[in-house]
Amino acid sequence: MTSPTPETWHAALDRLQRSGVPHVLATQVTSAGSTPREPGARMVITQETVYDTLGGGTFEWQTINAAREFLQQGRTGFHLEAFSLGGRSGQCCGGFVNVLLEVFPGTAANIALFGAGHVGREIVKLSAPLPWQIHWFDSRADVFHEQDRGQPRLSCHTLSSAQEGTTALPPHCHALVLTHSHDEDYALITALLQRHDIASIGLIGSDSKWASFRGRLQRKGHSAEEIERVRSPIGSVHNTKLCNKTPYAIALTVVTELLWLTDKPALLETRGLAPNALRALVDDTKTTQS
């Protein structure tokens, strides 16, 4: 079994929430009979490490295994595990424990942002509270600030080449291209189109800029299906660009687009009984007046 690290569960929880690492908060919610710890005991579990303890022994080992299986399967949300310490866990204390496992997926989406100009900066600021991992690139070495590197779930990279930058991106990443150079934008678009596992590709600019890029891509032999993967101009609302062209306004519409693109429904299994099933249970209990 993985040994607990000296970091407390609440310190680890804060750090993991801020960094976007998948993790599980295990809370002992009930106990009966003799148990290693009392209700309210907590520990935090990742795929590699555990923080704090529920008392050790087979019961804790089973809790860690269950938590890591949920992480592996991507089953986020709440899960209640029941342990008969003398039965399921084979411990001599013989009590009974319920443990609530809260599975946090960590980063909900990966966003690759190419360009650290005014709009790029506003996108980063607006995205800070969201559970996204931002991979921020710019070819200008001095463009990033010290405070940029301290923002949670944000990594800053100097872009040496379009090919190198796009090859390093994680699968299912959403890419936004808004550099200071049209030539750099075009190179990034062609490199991103080679990645069939990129979730979406967005390009900043006017309709005429996209018409020029589309023509160049067609002449280079890209199919209509490939070109359709590029969303340009980004930040359209109801297929119309705002008249307000301030960086903040453009960033607001771009982040709104990303919210739609990254939105996922909640797992039904974590929402309890469906209304019809619950109503049937209630209606089945008939009361009579004597």
Side-chain angles (χ1 to χ4, degrees), residues 16 18-22 47 71-72 74 105-117 119-141 143-145 148-205 209-210 213-214 216-217 220 222-223 225-235 250-251 254-264:
L16 294 168
R18 288 170 58 83
S19 62
V21 175
Q47 284 289 12
L71 286 173
Q72 184 69 32
T107 298
N110 283 281
I111 312 295
L113 181 61
F114 294 94
V119 175
R121 288 207 161 271
E122 296 298 341
I123 291 173
V124 167
K125 291 178 187 176
L126 287 168
S127 302
L130 298 169
W132 297 342
Q133 183 74 41
I134 308 291
H135 309 268
W136 200 8
F137 296 83
D138 200 287
S139 57
R140 299 165 293 181
V143 75
F144 296 115
H145 306 155
D148 296 332
R149 304 184 188 278
Q151 180 172 313
R153 300 180 302 281
L154 175 67
S155 56
C156 304
H157 310 273
T158 300
L159 184 68
S160 56
S161 73
Q163 197 66 45
E164 182 179 332
T166 56
T167 300
L169 296 179
H172 315 300
C173 191
H174 295 269
L176 295 172
V177 178
L178 49 153
T179 78
H180 62 287
S181 162
H182 281 204
D183 289 339
E184 196 168 286
D185 283 353
Y186 181 77
L188 284 162
I189 291 297
T190 56
L192 287 165
L193 286 175
Q194 296 174 31
R195 289 282 305 271
H196 300 291
D197 58 349
I198 294 295
S200 70
I201 304 171
L203 172 67
I204 199 169
K209 174 182 174 179
W210 173 233
F213 274 39
R214 186 172 57 236
R216 292 174 68 181
L217 291 169
K220 286 291 185 180
H222 289 277
S223 66
E225 184 179 1
E226 287 178 315
I227 296 172
E228 281 296 314
R229 292 179 59 202
V230 182
R231 187 178 72 262
S232 184
I234 54 174
I250 295 170
V254 172
V255 171
T256 301
E257 277 185 332
L258 285 175
L259 283 168
W260 282 108
L261 289 167
T262 59
D263 192 46
K264 294 179 182 178

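For the single chain, residues carry numbers from 1 onward in sequence order.
Rounded to the nearest 0.5 Å, atoms CG (Asn110) and CG (Leu169) are 8.5 Å apart. If you take CG on Leu258 and OG on Ser200, they are separated by 6.5 Å, rounding to the nearest 0.5 Å. Taking OG from Ser161 and CG from Leu188, the interatomic distance works out to 9.0 Å, rounded to the nearest 0.5 Å. Atoms CG and CG, on Leu176 and Leu113 in that order, are 6.0 Å from each other to the nearest 0.5 Å. Taking CD1 of Ile189 as the reference point, atom CH2 of Trp210 lies at 6.5 Å (rounded to 0.5 Å). Interatomic distance, Arg121 CZ to His145 NE2, rounded to the nearest 0.5 Å: 4.0 Å.
Between Trp136 and Phe144, the ring planes lie perpendicular to each other; the angle is over 60°, past the 30° to 60° tilted range. The aromatic rings of Phe114 and Phe137 lie parallel to each other, with less than 30° between the two planes, well short of the 60° mark.
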**OP:** Please report the C-alpha distance between His222 and Arg214 in whole Å, then the side-chain angles of each, then the deciding distance to 0.1 Å, and finally whether the side chain to side chain contact (heavy atoms under 4.5 Å, CB included) criterion is met.
**Re:** CA-CA 9 Å; His222 289 277; Arg214 186 172 57 236; over 6 Å; no
**OP:** List the steps, then state whether side-chain hydrogen bond (donor to acceptor under 3.5 Å, both in side chains) holds for Gln194 with Thr166.
**Re:** CA-CA 9 Å; Gln194 296 174 31; Thr166 56; over 6 Å; no
**OP:** Kindly indicate, with the supporting measurements, whether the criterion side chain to side chain contact (heavy atoms under 4.5 Å, CB included) is fulfilled by Leu259 and Trp132.
**Re:** CA-CA 10 Å; Leu259 283 168; Trp132 297 342; 3.8 Å; yes
Original post:
Please walk me through it: do Lys209 and Tyr186 pass side chain to side chain contact (heavy atoms under 4.5 Å, CB included)?
Top reply: CA-CA 10 Å; Lys209 174 182 174 179; Tyr186 181 77; over 6 Å; no
Original post:
Hey, mind stepping through Leu193 and Val230 against side chain to side chain contact (heavy atoms under 4.5 Å, CB included) and telling me if it holds?
Top reply: CA-CA 8 Å; Leu193 286 175; Val230 182; 4.1 Å; yes
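Closest of all the heavy-atom pairs between Ser160 and Glu164 is OG-OE1, 2.8 Å. Across Ala128 and Gln151, no two heavy atoms sit closer than the pair CB-NE2, 3.5 Å. Minimum interatomic distance between Gly120 and Leu178 (heavy atoms only, all atoms of both residues): N-CD1, 3.5 Å. When all heavy atoms are compared, the tightest approach of Leu126 to Pro129 is O-CD, 3.3 Å. Considering every non-hydrogen atom in both Leu130 and Arg153, the closest pair reads O-NH2, 3.1 Å. Taking each heavy atom of Ala109 and Thr262 in turn, the nearest pair found is CB-CG2, 3.7 Å.
At distances below 3.5 Å, not a single donor-acceptor pair connects side-chain atoms of Ser127 with backbone N or O atoms of Val124. The backbone N or O of Ile201 sits nowhere less than 3.5 Å from a side-chain atom of Arg229 that would complete a donor-acceptor pair.
Ala199 meets the side-chain contact (heavy atoms from CB on, under 4.5 Å) test with His174; sequence neighbours excluded. The side-chain hydrogen bond (donor to acceptor under 3.5 Å, both in side chains) test applied to Asp183 returns no partner, not counting sequence neighbours. Every residue was checked against the side-chain hydrogen bond (donor to acceptor under 3.5 Å, both in side chains) condition with Thr158, not counting sequence neighbours, and none meets it.
By the neighbour-count criterion of 12 heavy atoms within 6.0 Å, atom NE2 of His180 is densely surrounded, having more than that number from other residues, nucleotides or ligands. Within a 6.0 Å sphere centred on CZ of Arg18, other residues, nucleotides and ligands contribute 12 heavy atoms or fewer.
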